[in-house]
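Single-structure report; data block below.
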Protein chains: 2
Amino acid sequence: MAKNKRDIDLDVKKKALEETAARLFMTCGYEATSMSRIAQELGVTPNTLYWYYASKDELLVGVLNRLLSDSLKQLPPIMGSSPKEQISWALQEFEQSRALVNTVHGKLSQSALIRDWHERFHRALESAVVHTLKAKGISTEQARILATVATFLVEGLLAHPHTEKQRDDILEWFGQNALPDPA
Amino acid sequence: MAKNKRDIDLDVKKKALEETAARLFMTCGYEATSMSRIAQELGVTPNTLYWYYASKDELLVGVLNRLLSDSLKQLPPIMGSSPKEQISWALQEFEQSRALVNTVHGKLSQSALIRDWHERFHRALESAVVHTLKAKGISTEQARILATVATFLVEGLLAHPHTEKQRDDILEWFGQNALPDPA
DNA sequence: TTGCATCTTGAATGCCATACAAGATAATTC
DNA sequence: GAATTATCTTGTATGGCATTCAAGATGCAA
């Protein structure tokens, strides 16, 4: 039973691996970052990485989950604000890892692992957004549509370079058309 | 002057190369399709490809331009229909090359060549859409916003698997919110 | 102390995009 | 029509990549 000591070390090590990988993935890009490079940065042999992760894709999933859960920790204070502010927050949060968002989308057709992660992520995201919208008195069906549209707009803004004005205009337009009745 | 014969051969050859590459890129994916594989399919040495294209990315650009100009040939009959039908057509047109759309977005951060092509493409697309919307009496500023939103929705639908109903709902919603006045 | 699970490495494999130099083939010039 | 040149194709090679397998090191349990 008492194999705790080891398990703790494992999490600590994984944390270090994923943080280094995350940094390199975000600055140099996923494809441009080799396993050797990550290992080198950690003062380790490439093979070591393969003891913790079966493949580079699996390491990517580890990185994605870590970044995501780090973002989610900052979520509670935001929950109270307006939808537009919430979208704006999400946008800013993902901006840091814009490259990774594009990487994930680019790998959807090749990697079942990434495809699964992506699908799970969007399911969770949509159900959260829908829940929030329903609390504002929007029908489930309408909420689903709005959630999807909001997601597409965020992803579009992340994928394409844009000015602050463009972003504001789009968010403004969406805010005005998303909640038609209360006017 | 009279070097026509050769020049014609060059275009014919490029056409064959790009068609084969396009087919493989679309069915197996860009990354999963090696230059050797394309050459093999053509009964040629991999090096031959490098006489026509400086790199795999450049071949991709050739493929993209060819697919695009093929699509554009079918454009005139569509120009008269409703905006919703036009978006629907664009969606169907890109559906075939959904994988390539994702590939392009995934490569934006790594390849300047692809980045340039992507930027040019979106500039041309936006100006076309804006032009169409202005003809319907929409202000330039509003038309720009709508064009961008429409683009993001199309790309979102391409990037994520979705049901017919989802697509219809989103296009319907956009159609109703895009032209607010005439009601 | 012996055995076992955990972690790390050395050395190798096969694939990849790509480079360079040398061959083949056809067009142009003399 | 022979020699030269531009066009196209190939043979051969390189360095990097993700990944694998077998063998070493390290610490825990009996």
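Letters A, B, ... are given to chains in the order of the sequence lines, protein chains preceding strands, and every chain is numbered from 1.
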Rounded interatomic separation in angstrom, taking [atom1] from [X] and [atom2] from [N]:
{"X": "B:Trp51", "N": "D:dA6", "atom1": "CH2", "atom2": "P", "answer": "13 Å"}
{"X": "A:Leu42", "N": "C:dT9", "atom1": "CG", "atom2": "C1'", "answer": "15 Å"}
{"X": "A:Gln40", "N": "D:dG16", "atom1": "CD", "atom2": "P", "answer": "12 Å"}
{"X": "B:Leu17", "N": "D:dT9", "atom1": "CG", "atom2": "C1'", "answer": "12 Å"}
{"X": "A:Asp11", "N": "C:dT6", "atom1": "CG", "atom2": "P", "answer": "14 Å"}
{"X": "A:Tyr52", "N": "C:dT6", "atom1": "OH", "atom2": "P", "answer": "12 Å"}
{"X": "B:Asp9", "N": "C:dA27", "atom1": "CG", "atom2": "P", "answer": "8 Å"}
{"X": "B:Leu10", "N": "C:dA26", "atom1": "CG", "atom2": "C1'", "answer": "15 Å"}

* Within-4.5 Å side-chain heavy-atom neighbours: B:Glu155 and A:Glu155 -> no

When you compare the side chain of B:Tyr30 with that of B:Lys107, does any pair of heavy atoms fall below 4.5 Å? yes

Worksheet entry | Aromatic plane relationship, B:Trp173 with A:Trp173 - under 30° parallel, 30 to 60° tilted, over 60° perpendicular | perpendicular

Once base and sugar-phosphate atoms are separated, protein heavy atoms under 4.0 Å mark nucleotides 14-20 of chain C, 5' to 3', with B, S and - as --SSBBB

| Between A:Tyr53 and A:Glu18, is any side-chain donor less than 3.5 angstrom from a side-chain acceptor? | yes

- Query: Among side-chain atoms of B:Thr20 and B:Glu41, is any donor-acceptor pair under 3.5 angstrom?
  - Reply: no

With a non-hydrogen cut-off below 4.0 angstrom, is B:Thr45 in contact with a base, only sugar-phosphate, or nothing? sugar-phosphate

TODO: Look at atom NE2 of A:His131 and say whether more than 12 heavy atoms of other residues, nucleotides or ligands are closer to it than 6.0 Å.
DONE: no

